[in-house]
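In this chain, numbering begins with 1 at the start of the sequence shown.
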Amino acid sequence: MDQFERTRRLIGADALETLRRSRVIVFGLGGVGGSAAEALLRAGVGNLTFVDADCVDETNLNRQIIATRETVGQPKAEAMRFRALSIWPEANIEAVRAFYDAQTAGQFDLSNYDYVADAIDTVSSKLLLIERAVAAGTPIISAMGAGNKLDPSRFRVADISQTSVCPLARVMRRELKKRGIAHLKVVFSDEAPLPPRDGERAPASISFVPTAAGLVLAGAIVRDLIGAAAP
């Protein structure tokens with residue numbers, strides 16, 4: 001028996017081998033991206049690249065899977081790589097400490113990957129990553145807003161054209177249309193954002209909401225990689 005025994009029972013040896021050979025790159029390792037990255041690894045995706053420029057901060061402790069007292073101050077990409085290898089030492093894990101934008105986009109040949117996971121917060125960077133993935137012919141799934149929300153059951157996978165309520169999705173629909181991109185697989189919630197109680201502009205968050213979004217995102221990628229239809 002091995003660590004993937006129960007996964008093999010569920011999806012079969014061939015599908016598990018497909019995951020082991022798959023290459024997925026995850027941009028953004030916050031509450032959504034970190035949970036997605038770990039779920040991909042635990043599902044058996046054997047080749048993962050983690051991209052994030054930030055370091056773990058004390059304010060991340062309430063929701064980010066890589067945030068512990070021991071990792072505060074560490075680069076998120078490196079902390080995620082260390083955690084991943086502690087779970088599956090044989091996995092091929094690359095950590096890249098970078099903010100994805102026009103200056104760094106050339107570092108990443110998206111055609112080398114089987115899937116791109118977008119958990120970036122910045123709209124301009126999300127749009128650039130989506131454009132580059134579409135040009136490379138690499139499937140991409142993009143996380144919409146998870147901040148200021150309280151109901152994790154409202155997250156689902158949809159085409160960007162089918163989204164509603166989410167302010168980020170509204171902006172993305174408009175900007176993607178300008179760029180001639182009509183379709184994009186996304187994870188979004190139709191829960192109306194709650195106003196932060198202290199009036200701060202930074203999004204409020206809680207432990208289980210971005211985590212739920214990350215798990216939904218990872219699940220969509222795994223099902224696509226193994227060719228399984230969503231339930």
Side-chain angles (χ1 to χ4, degrees), residues 2-51 65 80 84 87-88 90-93 110-120 126 129-130 133-134 136-146 151-164 166 168-169 172 176 181-191 208-231:
D2 61 70
Q3 72 184 78
F4 295 110
E5 176 64 25
R6 297 199 180 193
T7 307
R8 189 179 296 107
R9 292 181 191 178
L10 180 67
I11 66 175
D14 290 345
L16 187 58
E17 177 60 20
T18 294
L19 294 178
R20 188 193 66 79
R21 290 186 280 103
S22 293
R23 296 174 54 86
V24 177
I25 185 167
V26 181
F27 288 90
L29 297 168
V32 176
S35 291
E38 182 159 321
L40 290 167
L41 176 87
R42 289 185 185 271
V45 176
N47 303 278
L48 288 161
T49 300
F50 302 141
V51 184
I65 200 164
M80 191 74 242
I87 296 166
W88 186 12
E90 294 77 25
N92 178 29
I93 308 294
L110 300 182
S111 65
N112 286 335
Y113 297 92
D114 298 299
Y115 225 108
V116 176
D118 162 32
I120 299 173
K126 292 179 85 70
L129 179 60
I130 292 161
V134 170
T138 303
I140 182 170
I141 184 169
S142 185
M144 297 293 100
D151 187 349
S153 70
R154 303 282 283 272
F155 286 100
R156 61 187 175 92
V157 178
D159 187 82
I160 187 68
S161 63
Q162 299 171 329
T163 57
S164 60
C166 175
L168 176 57
M172 294 296 290
L176 289 170
I181 299 174
H183 299 287
L184 172 70
K185 183 173 286 192
V186 301
V187 173
F188 89 105
S189 166
D190 61 2
E191 179 187 5
F208 44 81
V209 170
T211 298
L215 295 179
V216 171
L217 188 147
I221 293 174
V222 168
R223 291 195 301 273
D224 281 350
L225 289 173
I226 65 176

Chemist: Show the nearest heavy-atom pair for residues Gly145 and Phe155, with the distance to one decimal.
Modeler: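 The answer is O-CE2, 3.9 Å.
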Chemist: Measuring from atom CG of Leu184 to atom CD1 of Ile140, what distance do you get when rounded to the nearest 0.5 angstrom?
Modeler: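 Reported value, rounded in 0.5 Å steps: 6.5 Å.
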Chemist: How far apart are the closest heavy atoms of Ala182 and Asp159, and which atoms are they?
Modeler: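 Heavy atoms of Ala182 and Asp159 come nearest at O-OD2, 3.9 Å.
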Chemist: Per the salt bridge (Lys or Arg N to Asp or Glu O under 4.0 Å) rule, what does the pair list look like for residues 32-44, sequence neighbours excluded?
Modeler: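 Listed by first then second residue: Glu38-Arg42, Glu38-Arg83.
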Chemist: Give the C-alpha distance, both sets of side-chain angles, the deciding distance and a yes or no for side chain to side chain contact (heavy atoms under 4.5 Å, CB included) between Glu191 and Val209.
Modeler: CA-CA 11 Å; Glu191 179 187 5; Val209 170; 5.7 Å; no
Chemist: Would you give the length of the straight line joining atom OG of Ser153 to atom CZ of Phe208, rounded to the nearest 0.5 angstrom?
Modeler: 10.0 Å
Chemist: How long is the span from the CG atom in Asp2 to the CG atom in Leu16, to the nearest 0.5 Å?
Modeler: 8.0 Å
Chemist: Which pair of non-hydrogen atoms, one from Phe4 and one from Leu41, has the smallest distance, and what is that distance?
Modeler: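 Where Phe4 meets Leu41 most closely, the heavy atoms are CE2-O, 3.9 Å.
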Chemist: Keeping the roles fixed (side chain from Asp190, backbone from Cys166), state whether a donor-acceptor pair exists under 3.5 Å.
Modeler: no
Chemist: Mind running side chain to side chain contact (heavy atoms under 4.5 Å, CB included) on Leu129 and Leu110 for me, showing each step along the way?
Modeler: CA-CA 9 Å; Leu129 179 60; Leu110 300 182; 3.8 Å; yes
Chemist: Please determine which of Ile226, Ile221, Asp114, Val222 meets the side chain to side chain contact (heavy atoms under 4.5 Å, CB included) test together with Ser22.
Modeler: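 Only match with Ser22 under side chain to side chain contact (heavy atoms under 4.5 Å, CB included): Asp114.
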Chemist: Looking at every non-hydrogen atom in both residues, tell me the closest pair between Ala133 and Val116 and how far apart they are.
Modeler: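 So the two residues come closest at CB-CG2, 4.5 Å.
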Chemist: OG1/Thr49 to CD1/Ile25 distance, rounded to the nearest 0.5 angstrom?
Modeler: 5.0 Å
Chemist: Mind checking whether Met80 and Ile93 have side chains closer than 4.5 Å, heavy atoms only?
Modeler: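 A side-chain contact under 4.5 Å is absent here.
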Chemist: Would you give me the side-chain donor-acceptor pairs under 3.5 Å for residues 210-219, sequence neighbours excluded?
Modeler:
unit_1 : atom_1 : unit_2 : atom_2 : d
Thr211 : OG1    : Ser207 : O      : 2.9

Chemist: Any idea which heavy atoms bring Ser142 and Ile130 closest together, and the distance?
Modeler: OG-CD1, 4.1 Å
Chemist: Compare every heavy atom of Ser111 with every heavy atom of Thr138, then report the nearest pair and how far apart it is.
Modeler: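 Nearest pair, atom of Thr138 first, then Ser111: OG1-CA, 3.7 Å.
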Chemist: Before you tell me yes or no, could you show the steps for Gln162 and Val186 under side chain to side chain contact (heavy atoms under 4.5 Å, CB included), namely the whole-Å CA-CA distance, both residues' side-chain angles and the distance that decides it to 0.1 Å?
Modeler: CA-CA 10 Å; Gln162 299 171 329; Val186 301; over 6 Å; no
Chemist: Stepwise, does the side chain to side chain contact (heavy atoms under 4.5 Å, CB included) test hold for Thr163 with Met172?
Modeler: CA-CA 10 Å; Thr163 57; Met172 294 296 290; over 6 Å; no
Chemist: Is a donor on one side and an acceptor on the other found under 3.5 Å between the side chain of Asp118 and the backbone of Ile141?
Modeler: no
Chemist: Would you confirm whether Arg23, through its side chain, and Asn112, through its main-chain N or O, come within 3.5 Å as a donor-acceptor pair?
Modeler: yes
Chemist: Give a yes or no on this: more than 12 heavy atoms of other residues, nucleotides or ligands lie within 6.0 Å of atom CG of Asp14.
Modeler: no
